[in-house]
Amino acid sequence: MENKVVFGLKNVHISKLTEAESIITYAEPFKLPGAVNLTMDKEGAKTIFRADDSDYFKKALNNGYSGSLEVADVIEKFLTDIFGQYKDANGALFENADDKEARFAMMFEIDGDKRKRRIVYYDCLAERPSLEYSTTEQDDVGVKTAKMDISISPRSTDRQVKAVLEASDENETVFNAFFTQVYEKVNSGSGV
């Protein structure tokens with residue numbers, strides 16, 4: 001039975017993407033805890049060509065998504081592996097104007113009224129997070145979050161943008177192992 005509604009956000013995992021000689025590989029995923037919010041807007045345009053007094057040709061382009069990921073705090077592994085920051089011998093973390101951001105796959109889980117879904121976006125790029133600091137109030141510590149703009153592109157090798165796996169009795173093993181590596185398409189017997 002299909003979900004009527006979906007809700008929640010948890011189990012965000014990140015896997016660094018490396019592309020060399022038109023081959024993409026992914027590092028072992030790591031958890032990015034403290035997911036607060038993820039918003040994604042579609043990217044692309046619709047073209048309508050008019051001829052013979054009609055819509056002669058129509059085409060919608062899928063250029064992925066853009067949006068933001070809000071987390072409680074950006075962990076050190078994300079800062080070093082994805083944003084290219086450097087940690088010295090004393091444990092100080094350095095951000096440099098010449099740091100090179102890495103592309104990555106982003107995986108996460110949402111709930112539904114019937115079944116959970118696990119989702120992977122294959123080719124993401126994040127901008128440094130917006131940060132906010134303020135004094136604490138007498139009755140409230142005023143927890144702040146970090147928000148990162150993210151753009152998601154079709155993967156250069158095969159144009160894959162994302163995959164959504166919904167839990168079922170048939171895929172229980174694969175669903176449970178979803179965050180151990182970046183999920184890739186499994187061809188059916190029909191060659192699709």
Side-chain angles (χ1 to χ4, degrees), residues 9-35 38-44 61-88 93-110 116-129 146-168 170-192:
L9 172 64
K10 60 186 170 196
N11 287 327
V12 174
H13 283 70
I14 303 298
S15 177
K16 184 177 178 178
L17 179 157
T18 303
E19 184 170 8
E21 298 178 15
S22 299
I23 296 173
I24 289 179
T25 56
Y26 293 98
E28 181 179 341
F30 63 89
K31 188 169 187 173
L32 179 59
L38 175 64
T39 59
M40 304 310 292
D41 295 318
K42 66 183 186 304
E43 290 289 326
L61 296 176
N62 181 345
N63 291 333
Y65 298 87
S66 64
S68 64
L69 174 64
E70 183 179 5
V71 293
D73 195 16
V74 182
I75 63 172
E76 181 180 300
K77 186 156 180 66
F78 194 94
L79 295 172
T80 56
D81 288 11
I82 303 303
F83 287 135
Q85 295 183 12
Y86 172 78
K87 187 174 181 180
D88 76 5
L93 196 58
F94 289 85
E95 176 181 329
N96 186 287
D98 295 326
D99 289 341
K100 302 286 187 247
E101 297 87 3
R103 293 159 45 205
F104 58 94
M106 178 173 61
M107 302 173 281
F108 57 93
E109 181 177 324
I110 59 175
K116 294 180 180 183
R117 289 185 188 155
R118 292 186 171 167
I119 300 167
V120 56
Y121 288 102
Y122 288 105
D123 194 342
C124 306
L125 185 66
E127 293 181 22
R128 291 174 299 121
K147 185 182 268 189
M148 298 176 281
D149 288 337
I150 295 180
S151 48
I152 297 166
S153 302
R155 192 163 55 182
S156 61
T157 55
D158 59 5
R159 308 288 294 152
Q160 293 293 341
V161 176
K162 73 175 183 174
V164 179
L165 184 66
E166 194 167 85
S168 70
E170 295 77 27
N171 70 14
E172 182 177 6
T173 301
V174 172
F175 189 84
N176 289 339
F178 189 83
F179 298 116
T180 60
Q181 63 184 20
V182 174
Y183 183 82
E184 295 288 356
K185 184 192 292 188
V186 176
N187 290 331
S188 65
S190 63
V192 175

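Note: hydrogens, waters and symmetry copies are ignored here, and every other heavy atom, side chains too, is used.
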Problem set entry | Contact check, side chains of Y183 and V174, non-hydrogen atoms, under 4.5 Å | yes
Seminar exercise, completed: In terms of heavy-atom contacts, H13 and N11 come closest through ND1-O, 2.9 Å
Problem set entry | Rounded distance [0.5 Å steps], CE in M107 versus CG in L32 | 11.5 Å
Problem set entry | Steps toward side chain to side chain contact (heavy atoms under 4.5 Å, CB included) verdict (I24, R103) | CA-CA 11 Å; I24 289 179; R103 293 159 45 205; 4.2 Å; yes
For this session: Run the numbers on K162 and I152 for side chain to side chain contact (heavy atoms under 4.5 Å, CB included), then give the verdict.
Result: CA-CA 9 Å; K162 73 175 183 174; I152 297 166; over 6 Å; no
Seminar exercise, completed: dist D123:CG -> R159:CZ (nearest 0.5 Å) comes out at 10.5 Å
For this session: May I ask you to check if K42 and Y65 form a cation-pi contact, with NZ or CZ under 6.0 angstrom from the six-membered ring centre and within 45° of the axis?
Result: no
Problem set entry | OH on Y86 to CG on L93, rounded to 0.5 Å | 11.0 Å
Exercise. Are I14 and F78 close enough, and set up right, to give a side chain to side chain contact (heavy atoms under 4.5 Å, CB included), and what steps lead you there?
Worked result: CA-CA 8 Å; I14 303 298; F78 194 94; 3.8 Å; yes
Problem set entry | Electrostatic pair E76:K87 at N-O distance under 4.0 angstrom | yes
Exercise. Is E19 paired with R155 through a side-chain N to carboxylate O contact shorter than 4.0 Å?
Worked result: no
For this session: Could you tell me which non-hydrogen atom of S22 sits nearest to which non-hydrogen atom of T157, and how far apart they are?
Result: O-CG2, 3.3 Å
For this session: Indicate the atoms forming the closest heavy-atom contact of D149 with S68, along with that distance.
Result: OD1-CB, 3.8 Å
Exercise. Is any side-chain heavy atom of L165 less than 4.5 Å from a side-chain heavy atom of F178?
Worked result: yes
Exercise. Using the ring of each side chain (for Trp, its six-membered ring), is Y121 parallel, tilted or perpendicular to F108, with breaks at 30° and 60°?
Worked result: parallel
Problem set entry | pair E43-N62: side-chain heavy atoms closer than 4.5 Å | no
For this session: Determine, step by step, whether E127 and F83 satisfy the side chain to side chain contact (heavy atoms under 4.5 Å, CB included) criterion, reporting the C-alpha distance in whole Å, the side-chain angles of both residues, the deciding distance to 0.1 Å, and the verdict.
Result: CA-CA 8 Å; E127 293 181 22; F83 287 135; 5.8 Å; no
For this session: Work out which heavy atom in V71 is nearest to a heavy atom in A35; give both atom names and the distance.
Result: CG1-CA, 4.2 Å
Exercise. Are more than 12 heavy atoms from other residues, nucleotides or ligands located less than 6.0 Å from atom CD of Q85?
Worked result: yes
Problem set entry | Polar contact flag, side-chain donor to acceptor under 3.5 angstrom, S66-S151 | no
Exercise. Less than 4.0 Å between a side-chain N and a carboxylate O, is that true for E101 and R128?
Worked result: no
Exercise. If you look at every heavy atom in C124 and I150, which pair is closest and at what distance?
Worked result: CB-CG2, 4.2 Å
Exercise. At their closest point, which heavy atom of R118 faces which heavy atom of F179, and how far apart are they?
Worked result: NE-CE1, 3.4 Å
Problem set entry | Donor-acceptor pair between E28 and S15 side chains, under 3.5 angstrom | no
